[in-house]
Amino acid sequence: MRPYVSWVDDIFTEEECSCIISECVPSLNKGVFERPENPLALSKFLPWLKRNSNVAWISQGSNLDSLMQRAVDILLAEVKECFYIPCKTVEEVQFTEYKLFNYYCYHIDTTGREEEAGSKRLVSATIQLSDPSDYWGGGLKIDLGSKIFKAPKRQGTITIFPSGLRHKVTPILKGTRYSLVLWVHF
């Protein structure tokens, strides 16, 4: 039986996580959520109800290329081994910062609109960059239908799951949580 969620510990060291954080924090901007199709949805008018976080994008050619390539290689190997999908494409990597009271409500990483990148996403992944003792809250929870999976918080761990599964990041109650988000498609 195929697993719903997979994870690999220690793909980055504590020093590598700190390097990624230092490199990305100066480029942060307010994270946005794609507005829903429902014209009466409250989050269309108040998008912070759905998501409250900051993001930056790690483009190819940055000082982090070798670290990002390692993460992509591990992710693609894990997707092939655990999900039996021979994917080759990973979108630009997103760096995310969750500060006090920041969160991301339940959502999926796919869309039904063919013209959007989200329509091609098959697998999502999150890499934990923060030491779990640096913050409270901020748990990644994945809805598996019959139960909720709580992703490991170990620094340097990558958690991998199908993009169509509902997931969220609970509010930060103390400190700051940093992570990377990756999306895989054909």
Side-chain angles (χ1 to χ4, degrees), residues 1-9 11-12 17 30-38 41-44 46-58 71-72 74-76 78-79 82-85 87 89-99 101-113 116-130 132 135-173 175-185:
M1 182 169 144
R2 294 182 185 177
Y4 287 110
V5 180
S6 177
W7 67 92
V8 178
D9 290 328
I11 72 162
F12 292 139
C17 290
K30 193 73 181 155
V32 296
F33 175 77
E34 179 65 30
R35 293 191 171 164
E37 292 298 315
N38 178 354
L42 196 53
S43 61
K44 180 173 184 169
L46 303 169
W48 54 267
L49 287 176
K50 188 72 173 172
R51 178 183 196 175
N52 189 1
S53 62
N54 296 310
V55 302
W57 299 94
I58 304 174
V72 166
I74 290 169
L75 172 59
L76 292 176
E78 193 71 8
V79 167
C82 291
F83 297 99
Y84 311 108
I85 305 172
C87 294
T89 305
V90 176
E91 292 179 37
E92 189 173 32
V93 178
Q94 178 184 276
F95 172 82
T96 309
E97 173 191 68
Y98 292 93
K99 293 185 146 214
F101 303 128
N102 284 182
Y103 57 88
Y104 200 159
C105 291
Y106 271 118
H107 65 285
I108 59 172
D109 290 339
T110 60
T111 69
R113 295 180 292 261
E116 294 180 11
S119 68
K120 298 177 177 114
R121 292 175 181 161
L122 296 174
V123 178
S124 298
T126 298
I127 302 173
Q128 174 71 18
L129 298 176
S130 298
Y135 67 95
W136 288 348
L140 171 63
K141 295 187 176 186
I142 303 166
D143 185 351
L144 301 178
S146 60
K147 66 179 182 174
I148 302 297
F149 175 82
K150 295 177 184 177
K153 286 188 168 185
R154 184 174 172 157
Q155 189 174 31
T157 296
I158 185 169
T159 302
I160 305 162
F161 56 95
S163 297
L165 289 180
R166 285 176 5 112
H167 57 285
K168 70 178 181 177
V169 175
T170 61
I172 294 287
L173 303 175
T176 303
R177 173 187 185 258
Y178 295 105
S179 61
L180 297 177
V181 182
L182 301 93
W183 299 279
V184 178
H185 50 84

Taking all atoms of both residues into account, what is the closest heavy-atom pair of [X] and [Y], and its distance?
{"X": "K153", "Y": "G139", "value": "CE-CA, 3.9 Å"}
{"X": "W57", "Y": "Q94", "value": "CH2-OE1, 3.2 Å"}
{"X": "K141", "Y": "Y106", "value": "O-CE2, 4.1 Å"}
{"X": "I127", "Y": "A71", "value": "CD1-CB, 3.7 Å"}
{"X": "S53", "Y": "N102", "value": "CA-OD1, 3.8 Å"}

Do [X] and [Y] make a side-chain contact, defined as non-hydrogen atoms from C-beta onward lying under 4.5 Å apart?
{"X": "H167", "Y": "D109", "result": "yes"}
{"X": "V79", "Y": "I85", "result": "yes"}
{"X": "F12", "Y": "L129", "result": "yes"}
{"X": "F83", "Y": "I160", "result": "yes"}

(request) Step through the shown structure and confirm whether more than 12 heavy atoms of other residues, nucleotides or ligands are within 6.0 Å of CH2 on W183. (result)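 Result for CH2/W183: enclosed.
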(request) Decide side-chain contact (heavy atoms from CB on, under 4.5 Å) for R51 and Y103; before the verdict, give the C-alpha distance in whole Å, the side-chain angles of both, and the deciding distance to 0.1 Å. (result) CA-CA 6 Å; R51 178 183 196 175; Y103 57 88; 5.7 Å; no
Can you measure from [atom1] ([X]) to [atom2] ([Y]) and round to the nearest 0.5 angstrom?
{"X": "K168", "Y": "T170", "atom1": "NZ", "atom2": "OG1", "answer": "7.0 Å"}
{"X": "E78", "Y": "C87", "atom1": "CD", "atom2": "SG", "answer": "13.0 Å"}
{"X": "W7", "Y": "Q128", "atom1": "CH2", "atom2": "CD", "answer": "14.5 Å"}
{"X": "H107", "Y": "L165", "atom1": "NE2", "atom2": "CG", "answer": "11.0 Å"}
{"X": "L140", "Y": "F161", "atom1": "CG", "atom2": "CZ", "answer": "5.5 Å"}
{"X": "R121", "Y": "T110", "atom1": "CZ", "atom2": "OG1", "answer": "8.5 Å"}

(request) Let me see the working for I158 and V8 under side-chain contact (heavy atoms from CB on, under 4.5 Å), right down to the final yes or no. (result) CA-CA 5 Å; I158 185 169; V8 178; 3.7 Å; yes
(request) With T159 as reference, evaluate S124, P152, S179 under the side-chain contact (heavy atoms from CB on, under 4.5 Å) test and give the passing residue. (result)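 Answer to the side-chain contact (heavy atoms from CB on, under 4.5 Å) test with T159 among S124, P152, S179: P152.
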(request) Check the pair Y178 / E97 against side-chain contact (heavy atoms from CB on, under 4.5 Å), numbers first and verdict last. (result) CA-CA 5 Å; Y178 295 105; E97 173 191 68; 3.2 Å; yes
(request) Before accepting this row, confirm whether a basic side-chain N of the pair E91/K120 lies closer than 4.0 Å to the acidic partner's carboxylate O. (result)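 Judged by the 4.0 Å cut-off on N to carboxylate O distance, E91 and K120 do not form a salt bridge.
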(message) Between Q155 and T157 (side chain of the first, backbone of the second, donor and acceptor by atom type, cut-off under 3.5 Å), is there such a pair?
(response) no
(request) Check step by step if side-chain contact (heavy atoms from CB on, under 4.5 Å) holds for K30 and N52. (result) CA-CA 8 Å; K30 193 73 181 155; N52 189 1; 2.4 Å; yes
